[in-house]
Amino acid sequence: MFVLLFFSVATVVWFFIGGAQSSYVISPTEFQFRYIDDTPMGGNTKGRVYTKDDGSVALECELGSAYRWPFCEVAISLSPSVTHGIDLANYHSMIIEAAYKAPAPDQRLRVYLRNFNDAYSITEDPVSMKFNGIEYNPTEEMSEIVLPLNSFQVLSWWISDLDIPLEHAGPDMSNISLIEIATGSAPTVGKHELTIKNIRFEGVMVTEAGLFRSLTFIWLATATVLLAVKYLQSRRVYDLERRRANRLKAINTALKQQSETLSIMATTDALTGLRNRMDIYPELEKALASTDGKNCTALCLDIDHFKKINDTYGHDMGDRLLICTAEVLRESVSTSDVIIRWGGEEFVIFCPNRNLAQASFLAEKIRAAFETTDWPHDAELSCSVGVSSMREGSIAAMIADADDALYRAKQNGRNRVEVFAESFIATV
Ligand SMILES: Nc1nc2c(ncn2[C@@H]2O[C@H](COP(=O)(O)OP(=O)(O)OP(=O)(O)O)[C@@H](O)[C@H]2O)c(=O)[nH]1
């Protein structure tokens, strides 16, 4: 930004001290100055163009009266070919340093800047080159006259004689191949002497409006580029942050899944796939809350003489029998019941939707199923079951009651169902 500011200030200073000025000098050493008069039209004017010792060019002629519009002039060819002139469109003034002596006062001079354009000019006809012309009052003494190029006008006879269309009727300085400085349109016959010391065109490489337009454009372009760079940078940061957030989200999801898996593993019995008793109470409370809470019962089930089975058939067979027991239980319960491997060979079935009679019925059904199941050790297997119902709103107390009833079932000979005594009272 500092560089741009410095550049802008320097450019403006350069412009106002005249750095943008340009000039184009027409010197006799570089260009050919020729003499032309009215003799081809039948006139009797005589004269010549020559270079003086001081380097200035002189036009001398004796204007005769044989031709209706007598004239003499100096013609300066700006290029070897008329078709390829010089572009003077960017110049604002033509400056002629000259002295003019005429046989009468107030004699004027005509200046033509002849433009070639394929639209209306042909090489064979010099008249077809556009006459951008002006007529001015020269001085007798050597002096500089400034002719503003925007004061030049196209000669009306040229427009009408050549039937020039409107779009080409205006001045055009873009391809000037010939300059003509001639005696005025109504000259007095007699001796005319024109000494030209210097001809030059002056202009500016860039106008003030153009300069400020360019600087504004450069500032806008720079601001746009800087904004674009800033946008791309913040976009890159945003993309990085988003990728990072996505990565963290993925890690988070994986950790959550892992945590859920670990939680499931921690609360699931690896051998039977049943729920174990870890953190079981909130889950049972939740199951109870989904019912009307009036008929909540629990079963405590224990396989009879399991130690003996282990001892007789081995621990692996014991495991297989535990797995089969889980299957028997699954097949016996309904979807609202929750089977829990309470520990070892002991199971709890939580029934949030069964009354005492229904729970007792289920207990008996399971006990009977043990008798009819084909066990993998090809021997009989029985279980004892204790049943209880909710007394004081405590699930833990209800399970403890069922366990008491189970203890009684064991005491009373096993392979039987016992209902916790106070559950009956509560039911009545
Ligand atoms: N195979 C196997 N045995 C287990 C497992 N968990 C506990 N046991 C065994 O189960 C047996 C339970 O024995 P006890 O508590 O004495 O009860 P019981 O032999 O079933 O006798 P009663 O319950 O009084 O009928 C123990 O020998 C434990 O080692 C297990 O996951 N797999």
Side-chain angles (χ1 to χ4, degrees), residues 261-284 297-333 337-351 354 356 359-389 394-424:
T261 308
L262 285 174
S263 167
I264 290 168
M265 279 169 70
T267 54
T268 303
D269 174 49
L271 182 67
T272 60
L274 293 174
R275 181 71 168 84
N276 65 25
R277 63 193 287 185
M278 182 186 258
D279 290 334
I280 192 66
Y281 287 110
E283 203 174 305
L284 298 183
T297 47
L299 277 63
C300 253
L301 182 150
D302 190 280
I303 302 171
D304 296 332
H305 302 300
F306 199 62
K307 181 175 182 318
K308 206 165 143 195
I309 288 168
N310 265 339
D311 294 345
T312 310
Y313 298 98
H315 199 269
D316 284 351
M317 180 54 80
D319 281 354
R320 285 178 67 190
L321 289 174
L322 286 169
I323 293 166
C324 286
T325 298
E327 273 314 299
V328 170
L329 298 184
R330 278 193 193 99
E331 281 164 16
S332 304
V333 300
D337 301 320
V338 183
I339 310 168
I340 307 143
R341 187 180 177 198
W342 205 251
E345 82 298 13
E346 192 179 343
F347 299 86
V348 166
I349 302 171
F350 176 74
C351 313
R354 287 180 198 269
L356 198 61
S360 301
F361 180 80
L362 174 65
E364 187 53 39
K365 189 173 131 187
I366 293 168
R367 192 202 62 74
F370 263 65
E371 287 184 344
T372 55
T373 298
D374 287 330
W375 298 98
H377 64 317
D378 287 332
E380 289 183 350
L381 189 68
S382 67
C383 68
S384 300
V385 189
V387 183
S388 67
S389 62
S394 163
I395 295 173
M398 180 177 65
I399 291 173
D401 288 350
D403 196 48
D404 274 6
L406 169 64
Y407 179 73
R408 236 169 3 96
K410 292 276 182 185
Q411 292 293 307
N412 291 338
R414 298 181 175 81
N415 190 21
R416 56 189 289 123
V417 174
E418 289 286 347
V419 176
F420 184 66
E422 289 188 35
S423 296
F424 277 127

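Indexing begins at 1, ligand by ligand and atom by atom, following the structure's order. No hydrogens, no waters, no symmetry mates; every other heavy atom, side chains included, goes into these values.
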Where is the nearest protein heavy atom to atom 13 (O) of ligand 1: which residue, which atom, and how far? Lys307 CB, 3.6 Å

Considering only heavy atoms, does Lys410 approach ligand 1 within less than 4.0 Å through its side chain, its backbone, both, or neither? side chain

Heavy-atom nearest pair, Thr272 first then Arg330, reads O-NH2, 2.7 Å

Below 30° counts as parallel, above 60° as perpendicular, anything between as tilted: where do the rings of His377 and Tyr313 land? perpendicular

Contact partition for Asp319 relative to ligand 1, non-hydrogen atoms under 4.0 Å: both

Could you tell me which atoms of ligand 1, counted from 1 in the order shown, lie closer than 4.0 angstrom to a heavy atom of Asp304? 25 (O)

Under-4.0 Å heavy-atom contact with ligand 1, by part of Asp316 that carries it: neither

With a cut-off of 6.0 Å (strictly less than), are more than 12 heavy atoms of other residues, nucleotides or ligands near CZ of Phe361? no

Which protein heavy atom lies closest to atom 24 (O) of ligand 1, and at what distance to 0.1 Å? Arg414 NH2, 3.0 Å

Treating Thr372 as the side-chain partner and Ala369 as the backbone partner, does any N or O pair qualify as donor plus acceptor under 3.5 Å? yes

Is a donor on one side and an acceptor on the other found under 3.5 Å between the side chain of Arg341 and the backbone of Thr268? no

Taking only heavy atoms of Asp302 into account, list the atoms of ligand 1 that are under 4.0 Å away from them. 23 (O)

Suppose we measure from atom 17 (O) of ligand 1 to each protein heavy atom; which comes out shortest, and what is that distance? Glu345 OE2, 3.5 Å

Using modelled atom types and a 3.5 Å cut-off, is there a donor and acceptor pairing between side-chain atoms of Ser384 and backbone atoms of Lys410? no

The single option from Asp269, Asp403, Ile280 that satisfies side-chain contact (heavy atoms from CB on, under 4.5 Å) with Trp342 is Ile280

Going by the closest heavy atom to atom 30 (C) of ligand 1, which one wins out of Leu322, Ile303, Leu406? Leu322

CG (Asp401) and OG (Ser389) are apart, to the nearest 0.5 Å, by 8.0 Å

Asp304 side chain vs Leu381 backbone, donor-acceptor pair below 3.5 Å: no

Look at atom 2 (C) of ligand 1 and say which protein heavy atom is nearest, naming residue and atom and giving the distance to 0.1 Å. His315 NE2, 3.2 Å

Which heavy atom of the protein is the closest neighbour of atom 8 (N) of ligand 1, given with residue, atom name and distance? Asn310 ND2, 3.9 Å

Test applied, side-chain contact (heavy atoms from CB on, under 4.5 Å); reference residue, Glu346; option that passes from Asp302, Ile303, Ile340: Asp302

Minimum-distance protein heavy atom relative to atom 18 (P) of ligand 1: Phe306 N, 3.5 Å

For ligand 1, indicate whether the residue Arg341 contacts it via side chain, backbone, both or neither (heavy-atom separation under 4.0 Å). side chain

Among Gly318, Gly344, Ala270, Cys383, closest by any non-hydrogen atom to atom 6 (N) of ligand 1: Gly344

I'd like to check whether Lys308 has a polar contact with ligand 1, where a contact means an N/O of the residue lying under 3.5 Å from an N/O of the ligand. no

